[in-house]
Protein chains: 2
Amino acid sequence: MSDDKGYSGNALDCLKKNNVKVGDSIKITSELTYSGILMPRYESGDDKHLVLKLGSGYNVGIDVDEIQKIQVVSSSEVKPKQSQEKKDDPTLPKILLLSTGGTIASKVDYRTGAVTPALSASDLNEAVPELGKIANIDAEVLFSEYSENLQPEHWTEIAEKLDSLANSDYKGILIAHGTDTMHYTSSFLSFALAGFPIPVALVGSQRSSDRPSSDAAPNLIAASKFLVESNTNGIFLVMHHNDNDQTVACHAGTRVRKNHTSKRGAFETIGGDPAFTVFEGKVTKNIQDEFFKDAKYNPRIKIDTKVALVKYHPGYEPKLIENLIQTGCRAIIFEGTGLGHVGRTMYDVIKKAKENDLFLGMTSQCIDGRVRMTVYESGRDLLELGITPLENMTPETSLVKAMWALGNSKNTDEMKSLMLENIASEF
Amino acid sequence: MSDDKGYSGNALDCLKKNNVKVGDSIKITSELTYSGILMPRYESGDDKHLVLKLGSGYNVGIDVDEIQKIQVVSSSEVKPKQSQEKKDDPTLPKILLLSTGGTIASKVDYRTGAVTPALSASDLNEAVPELGKIANIDAEVLFSEYSENLQPEHWTEIAEKLDSLANSDYKGILIAHGTDTMHYTSSFLSFALAGFPIPVALVGSQRSSDRPSSDAAPNLIAASKFLVESNTNGIFLVMHHNDNDQTVACHAGTRVRKNHTSKRGAFETIGGDPAFTVFEGKVTKNIQDEFFKDAKYNPRIKIDTKVALVKYHPGYEPKLIENLIQTGCRAIIFEGTGLGHVGRTMYDVIKKAKENDLFLGMTSQCIDGRVRMTVYESGRDLLELGITPLENMTPETSLVKAMWALGNSKNTDEMKSLMLENIASEF
């Protein structure tokens, strides 16, 4: 929130006087002597205490008035490491790791509050030496953001970077990514880079790498194995499969969703098995060969975000749809109830949206299953009003696809036919 | 959509001439002879064909110009049945069945398009004779709506009806309800009627009762068993547990969600087992005795719907939050990403909402798990901006609780403390 990492008043003065920065390893002599890392203060607190993370992992607050001495044991300032001479094994394939941020790339942040991309090639070789036996890995930092802060412009930046690598000699590409919106990114890349000639694995971790239960290293290792051995192409999301064993799942980029806030096996392929799994280093394919029907690489990287996601519920205020129309929204993806319904209180504004030539698509907030709008009267009414059922596409994939289709079509009819075309196994 | 059930032009003339109504069982002499039920025409079609549902279950379209004769075999007009003399067994407990509509109450609709509440006491005894061995069942039709058309005013109507029965001699109450929004209704009733002295089971069916795979009868039987034998109280949602066996699950009204569009075991208790299960007529309890901490009945049936549910995603237009404020919205429930995040593009409008004294609550679109906003910088930022984390409450339950809390509090502070109080095992 602020440049001084949350410290103010007396506490900030004390830090300045002693030339100490958040993240420094320090030794404080007070009534007792404490050694640890100076933590940032994010939650509103007083200006009288420093917070130290001890070696035990616990945090303590120390009254500044009682501090007799502060020694900096080691500074947090990252010194540019000498790039270690990588010893490439010429018999191994090449992989590129693009880092975009997230927990998997933010070991230092977890300790100190400072986000730094830790995944240079040499850092990686140090942290996960097993990777060097699978492939020769080049690393490049695209940006460094937690994925809740990623926006569609980041998606297009990643897509353009990948597009520039379509004819490279990489066997595959790893993308280190925060988990919060990883499935939105994988959906966009799947549409924008349909038929991408080599496999791309978005990989993240639910637990940061300084925790014993971290899934960072196993996910990276399995993703690299997958890229090298799967003999497939296109966009995948590679994460721990569940909590019971050491299986890692490789989900099709358009069929996957984060279904748990914290557990390692948070991601699931909706309505089916993951496309591939990796267990004890062995890559198993669970899909048919015709999975990627569009073999020809067809990059279409434009996007238009004038799309809204509307989750219907009892008591939904129809006026909000009018607001969307007035705001210049060009498409609405509904998360309807059950098989794809909204209450009849919505019919009038849906008519209005249709008169304004918006694309209106229907998905289900049940998430699993598929919309079927011919079964009940409500669904048939909505079909008559011009709503397009989006089969078994998840609401999130439908939203991203609508942004992509709006950006890559000239009018609503063209957009609708893109929405109904199976571009990247999203149906 | 229209009084003539979708027929127009020549087809409508033909029906009028022959005095035939949708739903009638008819025999048509044309090139061939067809017997079946006249179906409504919901999807736009020509005006030259009648649609008949044959005994085989298939529909055929018959050209009106080629029809030589139409005979009405039996009319669809429902004749009020003579209420069969119910033979109550004085050794059995009494249950009341309130019907609100939905698939479970709409057997006739599935065939003909006309919604009629089929669940009078005598219909029920005819349709599910097993019920008479469990309890003496009185039946009453409250209204007849598919649940996608239910609104908060229906919730309060049900709640007031139940409140009037709090001191009745019923052992429990069944509520027949459409499945689309059943979990929203069960949430509202749980808050509005906290500590209700007898058990209430909302029960629906995913497949209508004229299909061989229908779950209507087993769900009604298990729900009745549950009401009679569970020795509990409060609001539950009783539905088929999964597709593999004959278990029926009794979910706490605030912890349940429809997670599949069509399968019978569509409802799940999020983050745990169902409170009770019924297998082969045996009721098993899976919860602790302290589950209902609020033993005293405390009805608070007011509601205020000025609450919005905002599902955050990359590319979310912050201006939409300003629109909500201008529309008079008093509370926003966010469906954030991961542990409860939104992008920093939202911070300014969140500040504005806070300045306008809106209640701002955070849930996760992951659905399973719980929000934890102290782990990452984004979460801590949002806490500082005044967002209230809503633990492991589902987004839907949080939304309904916010409408209820807004209706039953004098100001935002009072509303916030209601939101954080565990009223009906929602946490």
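Keep in mind that what you see is a predicted model, and the values were worked out from it rather than measured. For the numbers below, each heavy atom of this structure counts, side chains included, while hydrogens, waters and symmetry mates do not. Labels below follow one simple rule: chain letters A, B, ... track the order of the sequence lines, proteins then strands, and each chain is numbered from 1.
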Subject >> Pairs involving residues 319-343 of chain B, ordered by first then second residue, that meet ring-ring contact (aromatic ring centres under 6.0 Å, His included) (sequence neighbours left out) >> reply: B/H341-B/Y376

Original post:
When you measure from the side chain of B/T261 to the backbone N and O of A/G338, does any donor-acceptor pair fall under 3.5 Å?
Top reply: no

**OP:** Return the minimal non-hydrogen interatomic distance between B/N149 and A/R344, and the atom names on each side.
**Re:** OD1-N, 2.7 Å

Original post:
For the candidates A/H154, A/M403, A/E153, which exhibits the highest count of non-hydrogen atom pairs separated by less than 4.5 Å from chain B?
Top reply: A/M403

Original post:
Residue by residue, which of residues 391-402 of chain A have a heavy atom closer than 4.5 Å to a heavy atom belonging to chain B?
Top reply: A/P395, A/E396, A/L399

Original post:
Between A/T305, A/T179, A/T181, which has the largest tally of heavy atom pairs under 4.5 Å with chain B?
Top reply: A/T181

Subject >> Top contributor to chain B contacts, counting heavy-atom pairs under 4.5 Å, from A/G340, A/G369, A/S262 >> reply: A/G369

Subject >> Donor-acceptor under 3.5 Å (A/E148 side chain, B/G343 main chain) >> reply: no

**OP:** Evaluate the side-chain proximity of A/Q365 to B/K258: yes if any heavy-atom separation is below 4.5 Å, no if none is.
**Re:** no

Original post:
chain B: which of A/Y312, A/F188, A/Y316 shares the most heavy-atom pairs with it under 4.5 Å?
Top reply: A/Y312

Original post:
So, for B/G315 and A/P152, which heavy atoms are closest and what is the spacing to 0.1 Å?
Top reply: N-CD, 3.3 Å

**OP:** Please determine if B/E317 and A/K306 form a salt bridge, counting it only when a charged side-chain N lies under 4.0 Å from a carboxylate O.
**Re:** no

**OP:** Heavy atoms only, distances under 4.5 angstrom: which of A/V310, A/T345, A/T185 has the most pairs with chain B? Name it, please.
**Re:** A/T345

Subject >> Closest approach of B/D180 to A/L339 (non-hydrogen atoms, all atoms of both residues) >> reply: OD1-N, 4.4 Å

Subject >> Top contributor to chain B interface from A/L309, A/V371, A/L324 [non-hydrogen pairs under 4.5 Å] >> reply: A/L309

Subject >> Donor-acceptor under 3.5 Å (A/Q151 side chain, B/P314 main chain) >> reply: no

**OP:** First locate atom SG of B/C366, then atom CD of A/E268, and finally report the distance between them rounded to the nearest 0.5 Å.
**Re:** 10.5 Å

Original post:
Which answer fits A/L150, side chain, backbone, both or neither, if we ask what part of it has an atom under 4.5 Å from a heavy atom of chain B?
Top reply: backbone

Original post:
Given the options B/E335, B/H313, B/K319, B/H260, which has more heavy-atom pairs under 4.5 Å with chain A than any of the others?
Top reply: B/H260

Subject >> Most chain A-contacting option - heavy-atom pairs closer than 4.5 Å, from B/M346, B/R370, B/K311 >> reply: B/K311

Original post:
Given the rule in the side-chain contact (heavy atoms from CB on, under 4.5 Å) test, do B/N259 and A/I367 qualify, once you have shown the distances and angles that lead to the verdict?
Top reply: CA-CA 6 Å; B/N259 281 343; A/I367 296 169; 5.9 Å; no

**OP:** Please tell me if the side chains of B/T327 and A/N323 come closer than 4.5 Å, counting only heavy atoms from C-beta onward.
**Re:** yes

